[in-house]
Q: 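The following block contains the structure, expressed as structure tokens.
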Amino acid sequence: MVKHQPLQVYERQLCLSCLTGIYGCRWKRYQRSHDDSSKWECSWFFLLCCSFLLLLVWSYFWLEAHNDYNEFNWLLYNRSAIWKDGTVPILATTLTGFTYTAFLMILALCHIVLGQQLNLYWIHKIVVLAILLTTITGVVFIDDFWQDEWDIVIISLQFTGPFLHIGALAVVTALGWVIAGQVVRVERSRLQVVTLVIYVSLLLVLYLVPLFISSPCIMDRSKLGPRPTVIGRRGAPMLAPEHTIMSFSKALQQKVTALEADVTISLDGVPFLMRDRTLRRTTNVDKLFPARQDHDASFFNWTEIRSLNAGLWFLRDDPYWTVQYMSEKDRNRTANQTVCSLAELLRLAARTNRSVIFSLRRPPLQHPHHQLWVSDALKVIQRSSILPEQVMWTPDWYRKKVRAAVPLLQQTSDEKLPVAELKERGISTLTLHYSQARAQDIRQFSGSNVSINVYPVNEPWLYSLMWCSGVQSVSSDAPHILKKVPNPVWIMSADEYGLIWITSDLISVAIVIGIFIFQKWKMSGMRSYNPEQIMLSAVVHRPSRDVNLMKEKLIFSEINNGVGSTDELSGYTGNGLDTYSRDDICTSRNETLMTT
């Protein structure tokens with residue numbers, strides 16, 4: 001009795017099973033296919049690529065927008081009247097979605113490289129579509145709610161552009177392996193030609209992109225200007241409650257050269273420091289004056305304002321996630337902070353020989369000091385011990401009157417005007433948002449002896465960019481971070497960057513050509529390989545005796561299927577097999593059975 005054994009022995013392909021199983025829930029060998037993917041599955045692959053690329057841009061936006069997270073939360077507060085860190089859920093969902101789509105993209109590319117048919121599982125399709133729609137909704141929301149922040153992407157590219165170019169070139173060069181595997185196949189189709197044209201065009205664009213990259217940090221080191229001075233914007237609001245004596249003291253500890261504040265006039269004409277229109281966010285007005293918590297801050301008299309606590313909110317809301325790093329002494333000190341007046345700030349600046357720059361908010365029309373607000377601020381400046389030249393006056397209202405009353409005040413403006421008009425108004429310093437501080441404008445103003453102060457600058461990369469651009473000072477919520485930046489993060493000459501550019505392009509060209517040559521050679525070798533050799537060598541490596549037995553079984557199976565003549569069997573001699581007659585086969589089989 002002959003015991004039948006399988007003619008094929010399959011290897012366990014765990015990696016391939018996991019690949020097709022995770023991507024398309026095809027865990028079994030018979031579920032996999034090497035056929036071309038359907039148009040429907042190709043459409044889903046296209047949607048997956050779109051989701052990944054959109055999330056890549058979205059992630060980059062939020063990475064660079066870290067400089068302005070507090071501004072975003074402040075805008076949310078003004079709309080909802082509730083303080084919360086709106087960046088946390090956005091960052092969490094963005095990171096999750098990007099990781100998910102990137103993982104699926106890697107699996108899909110592995111399918112293409114291995115010649116497996118794309119078949120995205122239906123659950124993945126639902127999630128990818130949800131991620132795409134959610135990201136589009138987020139982009140539309142930001143464009144409506146925080147439209148000006150898109151400028152951070154363009155500005156950051158001046159700093160990250162050279163490195164993003166090299167990274168993109170490396171990725172597209174690596175994709176050459178996938179593209180080459182599709183292009184050098186035996187079958188010729190229009191899709192192959194289109195794919196090759198798109199890939200080559202993309203490579204050419206990347207090779208020439210550096211011609212259009214412009215960065216202030218690509219310059220000779222000898223032309224780098226002095227380090228910009230740092231101004232404590234509302235003190236050091238990451239280390240202590242904003243606009244408090246503690247916050248300004250913390251800023252002075254970080255060696256700032258000036259203190260910046262927002263000034264409001266109280267009901268009885270006392271200038272005090274407050275950024276918001278109301279007192280609700282930064283004080284406990286909801287407990288002491290609950291019926292008036294939504295009233296304008298200027299409709300409280302100084303006695304009422306002074307009775308409020310201006311530090312407990314910082315410990316409760318932890319707006320910068322820094323409370324956990326505070327000492328017990330600092331926490332106790334924070335809990336006892338009060339609202340600071342302009343006079344107190346001027347005394348502190350005079351005692352430490354620091355300058356003061358402030359913006360002045362005009363009270364509402366019904367306010368008793370609606371017409372006297374400028375005079376109230378000037379009186380405080382004149383009565384304080386600070387030198388007039390240490391005060392930087394920003395409001396444009398009644399500027400001529402202010403210059404006549406206190407001629408030594410430094411006149412500043414937050415409006416970018418022509419140089420001639422600035423000179424006419426006596427303005428010596430411009431305070432601009434970083435999105436308005438272009439390198440050519442900075443050089444023009446600096447050449448006319450007009451200093452440039454840029455705000456808000458909280459990240460080392462933005463500080464480095466402003467430094468290379470030639471600004472004289474920056475206003476920052478994070479002086480303790482900028483203090484640790486003694487030099488620009490990076491700076492290189494045009495010749496150095498040109499060398500890096502040409503070298504990376506040449507390496508990419510060499511790798512891409514090598515990939516296509518190797519894939520062509522590999523494919524030509526597969527075309528010349530005999531199918532019967534593939535069939536006989538597909539079995540797992542075994543001892544020679546087992547191999548001979550399997551060859552005999554294969555021959556007997558051919559005999560049983562009607563290949564019975566010696567002439568028919570002689571067709572195998574070209575493949576390195578011996579020619580068998582029926583008698584030889586039977587004799588050989590008996591000898592084999594006796595030996596076993």
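For the single chain, residues carry numbers from 1 onward in sequence order. Values in this document were obtained by computation on a predicted structure and should not be read as measured data.
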Q: Flag the pair Ile481 / Pro460 as yes when at least one side-chain heavy-atom distance between them is below 4.5 Å, and no otherwise.
A: yes
Q: Quick one: are Trp393 and Val374 in side-chain contact, heavy atoms under 4.5 Å?
A: yes
Q: Do Trp501 side-chain atoms and Tyr207 backbone N/O form a donor-acceptor pair below 3.5 Å?
A: yes
Q: Anything under 30° is parallel, anything over 60° is perpendicular, the rest tilted; go ahead and classify Trp62 against Trp58.
A: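 Because their plane-to-plane angle is over 60°, the rings of Trp62 and Trp58 count as perpendicular.
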Q: Could you check if a side-chain atom of Ile381 sits within less than 4.5 angstrom of a side-chain atom of Phe358, using non-hydrogen atoms only?
A: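 A side-chain contact under 4.5 Å exists here.
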Q: Before you tell me yes or no, could you show the steps for Ser508 and Thr173 under side-chain hydrogen bond (donor to acceptor under 3.5 Å, both in side chains), namely the whole-Å CA-CA distance, both residues' side-chain angles and the distance that decides it to 0.1 Å?
A: CA-CA 6 Å; Ser508 173; Thr173 300; 2.7 Å; yes
Q: Is there a donor-acceptor contact under 3.5 Å linking the side chains of Asn70 and Trp74?
A: no
Q: Just checking, is any N or O donor in the side chain of Trp321 or Asp85 under 3.5 Å from an acceptor N or O on the other one?
A: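 Yes, because at least one side-chain N or O of Trp321 sits under 3.5 Å from a partner of the opposite role on Asp85.
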Q: Does either side chain, that of Tyr497 or that of Ser215, offer a donor lying less than 3.5 Å from an acceptor on the other one?
A: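 Note: Tyr497 and Ser215 side chains miss the donor-acceptor criterion.
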Q: Specify the closest pair of heavy atoms between Ala108 and Phe45, including all atoms of both residues, with the distance to one decimal.
A: CB-CE1, 3.5 Å
Q: In terms of the angle between their ring planes, are Tyr69 and His66 parallel, tilted or perpendicular, with boundaries placed at 30° and 60°?
A: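 If you compare the ring of Tyr69 with that of His66, the planes turn out perpendicular.
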Q: Using only heavy-atom distances, determine whether the side chains of Asp68 and Tyr434 contain a donor-acceptor pair under 3.5 Å.
A: yes
Q: Describe, in one word, how the ring planes of Phe516 and Tyr199 are oriented to each other, choosing from parallel (under 30°), tilted (30 to 60°) and perpendicular (over 60°).
A: tilted
Q: Is there a donor in the side chain of Arg425 and an acceptor in the side chain of Gln411, or the other way round, less than 3.5 Å apart?
A: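 Gln411 and Arg425 do not have a side-chain donor-acceptor pair below 3.5 Å.
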Q: Do you know which two heavy atoms are closest between Leu378 and Ala405, and how far apart they sit?
A: CD1-CB, 4.3 Å
Q: Begin with the C-alpha distance, continue with both residues' side-chain angles, and end with the deciding distance and a verdict on side chain to side chain contact (heavy atoms under 4.5 Å, CB included) for Tyr320 and Asn458.
A: CA-CA 12 Å; Tyr320 294 96; Asn458 302 321; over 6 Å; no
Q: Run through Phe61, Tyr77, Trp146 and flag the one making a ring pair (Phe, Tyr, Trp, His ring centres under 6.0 Å) with Phe72.
A: Trp146
Q: Is the cationic atom of Arg280 (NZ for Lys, CZ for Arg) positioned less than 6.0 Å from the six-membered ring centroid of Trp313 and within 45 degrees of its normal?
A: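 Checked: cation-pi criterion not met.
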Q: Hey, does the side chain of Arg354 reach the backbone of Val256 with a donor-acceptor pair shorter than 3.5 angstrom?
A: yes
Q: Will you find, in the side chains of Tyr463 and Ser476, an N or O donor that is under 3.5 Å from an N or O acceptor?
A: no
Q: Indicate the atoms forming the closest heavy-atom contact of Leu462 with Ile155, along with that distance.
A: CD1-CG2, 4.2 Å
Q: If we count only N and O atoms by modelled type, under 3.5 Å, do the side chains of Glu459 and Ser464 hold a donor and an acceptor together?
A: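 Judged by distance alone, the side chains do not pair up.
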Q: Please say whether more than 12 non-hydrogen atoms of neighbouring residues, nucleotides or ligands are located less than 6.0 Å from NZ in Lys423.
A: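 Enclosed: over 12 neighbouring heavy atoms sit under 6.0 Å from NZ of Lys423.
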Q: For Gln440, is the CD atom crowded, meaning more than 12 foreign heavy atoms sit under 6.0 Å from it?
A: yes
Q: Are Val391 and Gln410 packed together at the side-chain level, in the sense that at least one heavy-atom pair is separated by less than 4.5 angstrom?
A: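 Heavy-atom side-chain distance check fails, nothing below 4.5 Å.
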Q: Any side-chain heavy atom of Thr282 sitting closer than 4.5 Å to one from His243?
A: no
Q: Where does the angle between the aromatic ring planes of Tyr455 and His433 fall among parallel (under 30°), tilted (30 to 60°) and perpendicular (over 60°)?
A: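 Perpendicular, since the angle between the ring planes exceeds 60°.
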Q: Taking Asp477 first and then Arg233, would you say they form a salt bridge - that is, a charged N and a carboxylate O separated by under 4.0 Å?
A: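 Answer for the salt bridge query: yes.
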Q: I need the minimum non-hydrogen distance between Arg221 and Glu496, along with the two atoms involved.
A: NH1-OE1, 3.5 Å
Q: Check the orientation of Phe163 and Trp490. Use parallel for under 30°, tilted for 30 to 60°, and perpendicular for over 60°.
A: perpendicular
Q: Between atom OG of Ser355 and atom CD1 of Ile386, what is the distance when rounded to the nearest 0.5 Å?
A: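 Ser355 OG to Ile386 CD1: 7.0 Å, rounded to 0.5 Å.
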Q: Taking all non-hydrogen atoms of both residues, which atom of Leu203 and which atom of Leu169 are closest, and how far apart?
A: CD2-CD1, 4.5 Å
Q: Just checking, any donor-acceptor pair under 3.5 angstrom between side chains of Trp461 and Asn67?
A: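 Looking only at side-chain atoms, Asn67 and Trp461 do not form any donor-acceptor pair under 3.5 Å.
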Q: State, yes or no, whether a side-chain contact exists between Ser413 and Asp396 at a heavy-atom distance under 4.5 Å.
A: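 Yes, their side chains come closer than 4.5 Å.
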Q: With a sphere of 6.0 Å drawn around CH2 of Trp150, does it hold more than 12 non-hydrogen atoms of other residues, nucleotides or ligands?
A: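 Enclosed.
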Q: Should Ile136 and Leu54 be marked as a side chain to side chain contact (heavy atoms under 4.5 Å, CB included) after you check the CA-CA gap, both sets of side-chain angles, and the distance that decides it?
A: CA-CA 8 Å; Ile136 293 175; Leu54 184 59; 3.7 Å; yes
Q: Carefully, step by step, assess Thr412 and Thr394 under the rule side-chain hydrogen bond (donor to acceptor under 3.5 Å, both in side chains).
A: CA-CA 5 Å; Thr412 66; Thr394 302; 2.9 Å; yes
Q: First locate atom CG of Leu206, then atom CG of Asp505, and finally report the distance between them rounded to the nearest 0.5 Å.
A: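 Leu206 atom CG to Asp505 atom CG measures 8.5 Å (nearest 0.5 Å).
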Q: Can you tell if the side chain of Ile357 reaches within under 4.5 Å of the side chain of Thr431, non-hydrogen atoms only?
A: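 Yes. Closest side-chain heavy atoms under 4.5 Å.
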Q: Any chance you could measure Met105, atom CE, to Leu55, atom CG, to the nearest 0.5 Å?
A: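 If I round to the nearest 0.5 Å, the distance is 12.0 Å.
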Q: Between Met219 and Ser493, is the side chain to side chain contact (heavy atoms under 4.5 Å, CB included) condition met? List the steps.
A: CA-CA 5 Å; Met219 62 181 299; Ser493 66; over 6 Å; no
Q: Work out which heavy atom in Leu239 is nearest to a heavy atom in Phe314; give both atom names and the distance.
A: C-CZ, 4.2 Å
Q: Once rounded to the nearest 0.5 Å, what's the spacing between atom OG1 of Thr229 and atom NZ of Lys255?
A: 15.0 Å
Q: Using a strict cut-off of less than 4.0 Å between a Lys/Arg side-chain nitrogen and an Asp/Glu carboxylate oxygen, indicate whether Arg281 and Glu242 qualify as a salt bridge.
A: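 So Arg281 pairs with Glu242 through a salt bridge.
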Q: Verify the distance criterion only: is there a donor paired with an acceptor across the side chains of Glu344 and Ser341 at less than 3.5 Å?
A: yes
Q: I'd like to know if Asp262 and Arg361 make a salt bridge, using a cut-off of under 4.0 Å between side-chain N and carboxylate O.
A: no
Q: Distance alone, cut at 3.5 Å: any donor-acceptor contact between the side chains of Ser222 and Asp220?
A: no
Q: To the nearest 0.5 Å, what is the distance between CG on Leu252 and CG on Leu259?
A: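 Rounded to the nearest 0.5 Å, the CG-CG separation comes out at 5.0 Å.
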Q: So for atom NZ, which belongs to Lys84, do other residues, nucleotides or ligands contribute more than 12 heavy atoms lying within a distance under 6.0 Å?
A: no
Q: Identify whether the distance between the nearest side-chain nitrogen and carboxylate oxygen of Glu71 and Arg275 falls below 4.0 Å.
A: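 So Glu71 pairs with Arg275 through a salt bridge.
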Q: How many angstroms lie between atom OG1 of Thr352 and atom CZ of Phe248, to the nearest 0.5 angstrom?
A: 11.0 Å
Q: Check whether more than 12 heavy atoms from other residues, nucleotides or ligands sit under 6.0 Å from atom NZ of Lys379, and answer yes or no.
A: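 No, because the 6.0 Å sphere around NZ of Lys379 holds 12 heavy atoms or fewer from other groups.
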Q: Check whether any side-chain heavy atom of Phe272 lies under 4.5 Å from a side-chain heavy atom of Ile265, and answer yes or no.
A: no
Q: Cut-off 3.5 Å, side chains only: do Ser298 and Thr264 have a donor facing an acceptor?
A: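 There is no such pair between these side chains.
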Q: Is it the case that Glu260 and Ser475 place a side-chain donor and acceptor less than 3.5 Å from each other?
A: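 A pair is found: one side chain offers a donor N or O, the other an acceptor, under 3.5 Å apart.
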Q: Between Gln436 and Asp441, is the side-chain hydrogen bond (donor to acceptor under 3.5 Å, both in side chains) condition met? List the steps.
A: CA-CA 9 Å; Gln436 297 179 298; Asp441 293 335; over 6 Å; no
